[in-house]
Amino acid sequence: MTFRLYDTATREVRDFVPLQEGRAGLYVCGLTVQSEPHVGHVRSGVNFDVLQRWLRHLGYDVTFIRNVTDIDDKILTKSAEQGRPWFNLAYAMHRELDRAYAALNVAPPTYEPAATGHVPEMVELIADLIDRGHAYAAEDGSGDVYFDVRSWSSYGELTHQGIDDMEPATDADPRGKRDPRDFALWKGWKQESEPETASWPSPWGRGRPGWHIECSAMAGKYLGPAFDIHGGGVDLRFPHHENEQAQSRAAGRPFASYWMHNAWITTAGEKMSKSLGNSLTIPNVLEDYRGIELRYYLVAAHYRSHVEFSHQALEEAAVGFRRIELFLERAGVTEAGDLPQAFVDAMNDDLGTPAAVAVLFDVVREGNRADDATPYAGQVLAMLDVLGLNPADPAWAGGRGQQDDKLKSAVDALVAGLLDERAKARDAKDWARADAIRDQIKQAGIEVEDTPTGPKWSID
RNA sequence: GGUGGGUUGGCCGAGAGGCGAGGCAACGGACUGCAAAUCCGUCUACACGGGUUCAAAUCCCGUACCCACCUCCA
């Protein structure tokens, strides 16, 4: 079976046929770095990381571009509220995002371009659009430049909407727009309310980029006028992706062949909006769960399915994942084997991670049943590698590894004496004494279990 | 008004005309001095009302409820 994926534009699962054999160009809309990343934000990071890994597994030479939007209205508003420069806020949140990705073993993309670093490319594209008659400088002297949606007959094709069916933007300032649905390519500098540092020179006066233009410009720069896959969250379909496609194609660039959109994580049935507070920020969640457990929770759901976040569900997922880890520990295998065909089929079917995870557990069970778990453990490792969930991956060590080791050997020394005593009691069939010692250790939060190779302890 | 998605067992979460996904929890059994871990088994679900079909969670029609997007949200 070849790799198939659901294309939002055609609303069907299609065979993946790259523009160039053996190569895959992937552009994903990253985040606007304006607040601490929460669980919902990193979902797309994890989802597209799995895509990237799978494409690589399939042998593609992948160029993966994931941008960062480091200038926009919200960044300006928030930084003003916090009394610090916008670039300070954006950079701080960018670093926070990097930490979150690292904690979840989201591999860095090939390149992570930032909007502010690509103003010349945007200006070039905007000028081209004006030349072609698809954009115009606002006549009200605001310095804005708008895309003329009426000039582009296939506007709305990505989201299958007709211009006249769209709700006129009541909240947006119509300013110098010819049609209320025209969107900003360039935003003139508002001297009275915006810092000069948030403006760049352009043929239309100082200003800053509109939201959508950056992605068209950067995708074009790093992936060329046509590339394979464009991804992002469902909310970006409209207007962001619709506009990206319109302005790119209006400039004569074919743009993306496939569109992939990941679904939301909701809390209490509601969109996990940035205004809901910070209880589910990555640093907060990682106080209670390991990164690998959170990643497993995110990978176990299909990328196009809503996930209703709950601590109970995350807890259950973590328990389930530990089952896999325990199996690997017991097997003591470190060499990855081959992927089971059922796993490959699941992944090829639009990244069917839920079915893939089911295969994972099937193999764990078979391995637990078998006399020799080695071949099964090898398969499990191979599957975990593809999903970015291999516990042995150094990415999970974080900065705590060394201290954990020291702690472990200290506890080991303390527990060893007690276990020794317990062994003597057991030899003498003094079960009461043996159980008392085990209880005593458990009081300290350490679980003792007897295995064929002797007792083992683990932190509860 | 337009566009898209959803409603599955105690819980989470797949599937998309016939064959019990998987996980968590619970219960029973095996193993164990007792446990733990592991294995085996049990719990046979698809919002509601119609319809099509030999056969519907899956297709069609209708209803209810939920969510998202409609010009700077992952």
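Here is how names work: the chains are called A, B, and so on, in the same order as the sequence lines, proteins then strands, and each is numbered from 1.
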Q: Report the distance from atom CG of A:L360 to atom P of B:rG13, rounded to the nearest whole Å.
A: 18 Å
Q) Within 45° of the six-membered ring axis of A:Y6 and under 6.0 Å from that ring's centre, is NZ or CZ of A:R304 located there? A) yes
Q: Measure from the ring centre of A:W431 to the centre of the six-membered ring in the base of B:rG33, then say whether that distance is under 5.5 Å and the planes meet at under 30°.
A: yes
Q. Between atom CZ in A:R304 and atom C1' in B:rG15, what is the gap in whole Å?
A. 12 Å
Q: Examine B:rC40: is either OP1 or OP2 under 4.0 Å from a nitrogen or oxygen in the side chain of A:R365? Give yes or no.
A: yes
Q: Round to the nearest Å and state the distance from A:Y296 atom OH to B:rG13 atom P.
A: 12 Å
Q) What is the nucleic acid contact for A:R422, judged by heavy atoms within less than 4.0 Å: base, sugar-phosphate only, or nothing? A) base
Q. So does A:K456 get a side-chain nitrogen or oxygen closer than 4.0 Å to the phosphate oxygens (OP1/OP2) of B:rA36?
A. no
Q | A:R433 atom CZ, neighbour heavy-atom count above 12 within 6.0 Å | A | no
Q: Tell me what A:T8 touches on the nucleic acid: a base, only sugar-phosphate, or nothing, going by heavy atoms under 4.0 Å.
A: nothing
Q | Base B:rG33 to side chain A:D435, donor-acceptor N/O within 3.5 Å cut-off | A | yes
Q.
If you go through the side-chain atoms of A:D235, does one of them form a donor-acceptor pair with the base of B:rC70 closer than 3.5 Å?
A. no
**Q.** Any A:R11 side-chain nitrogen or oxygen under 4.0 Å from OP1 or OP2 of B:rG4
**A.** yes
(Q) So A:H261, base contact, sugar-phosphate only, or nothing? Heavy-atom distance under 4.0 Å. (A) nothing
Q) Of the nucleotides B:rA14, B:rU71, B:rA36, which one has an atom closest to the side chain of A:A301? A) B:rA14
Q. Does any donor-acceptor pair link the side chain of A:R426 with the base of B:rG33 at a separation under 3.5 Å?
A. yes
Q: Examine A:R95 relative to A:Y91 and say whether NZ or CZ is less than 6.0 Å from the centre of the six-membered ring and inside a 45° cone about the ring axis.
A: yes
(Q) Within the 4.0 Å heavy-atom criterion, would you say A:F238 contacts the bases, only the backbone, or no part of the nucleic acid? (A) base
(Q) Taking the minimum atom-to-atom distance to the side chain of A:Y6, which one of B:rG5, B:rC12, B:rG22 wins? (A) B:rG5
Q | Residue A:E316, side-chain atoms from C-beta onward, closest of B:rC39, B:rG23, B:rA35 | A | B:rG23
Q. Is a donor on one side and an acceptor on the other found under 3.5 Å between the side chain of A:S202 and the backbone of A:G205?
A. yes
Q. Looking for any heavy atom pair under 4.0 Å, which part of the strands does A:F147 touch: base, sugar-phosphate only, or nothing?
A. nothing
Q.
Base, sugar-phosphate or nothing for A:Q312? Non-hydrogen atoms, less than 4.0 Å.
A. sugar-phosphate
**Q.** Upstream residue (5' side of RNA chain B) when A:V307 and A:V359 are each assigned their closest nucleotide
**A.** A:V307
Q: Starting from P on B:rC11, measure out to CD on A:E308 and report it in whole angstrom.
A: 14 Å
Q) Touch check for A:N368, heavy atoms < 4.0 angstrom, all strands: base, sugar-phosphate only, or nothing? A) sugar-phosphate
**Q.** Donor-acceptor pair under 3.5 Å, A:R438 side chain vs B:rC34 base
**A.** yes
**Q.** Under 3.5 Å donor-acceptor pair, A:Y146 side-chain atoms to B:rU71 base atoms
**A.** no
Q.
Does A:F343 form a side-chain contact (heavy atoms from CB on, under 4.5 Å) with A:D362? I'd like the steps, not just the answer.
A. CA-CA 10 Å; A:F343 181 91; A:D362 286 342; over 6 Å; no
Q: Give the rounded distance in Å between these two atoms: CZ of A:R369 and C1' of B:rC39.
A: 8 Å
Q: Give a yes or no on whether a donor-acceptor pair under 3.5 Å exists between the nucleobase atoms of B:rU32, that is its base, and the side chain of A:D450.
A: no
(Q) Is the positively charged end of A:R66 above the ring of A:Y101, judged by distance under 6.0 angstrom from the centroid and angle within 45° of the axis? (A) yes
Q: Ignoring the backbone of A:R323, work out which of B:rC67, B:rC24, B:rC73 is nearest its side chain.
A: B:rC24
Q: Specify the separation, in whole Å, of atom CZ of A:R322 and atom P of B:rA37.
A: 12 Å
Q: Look at all strands and tell whether A:V149 reaches a base, only sugar-phosphate, or nothing, counting heavy atoms closer than 4.0 Å.
A: nothing
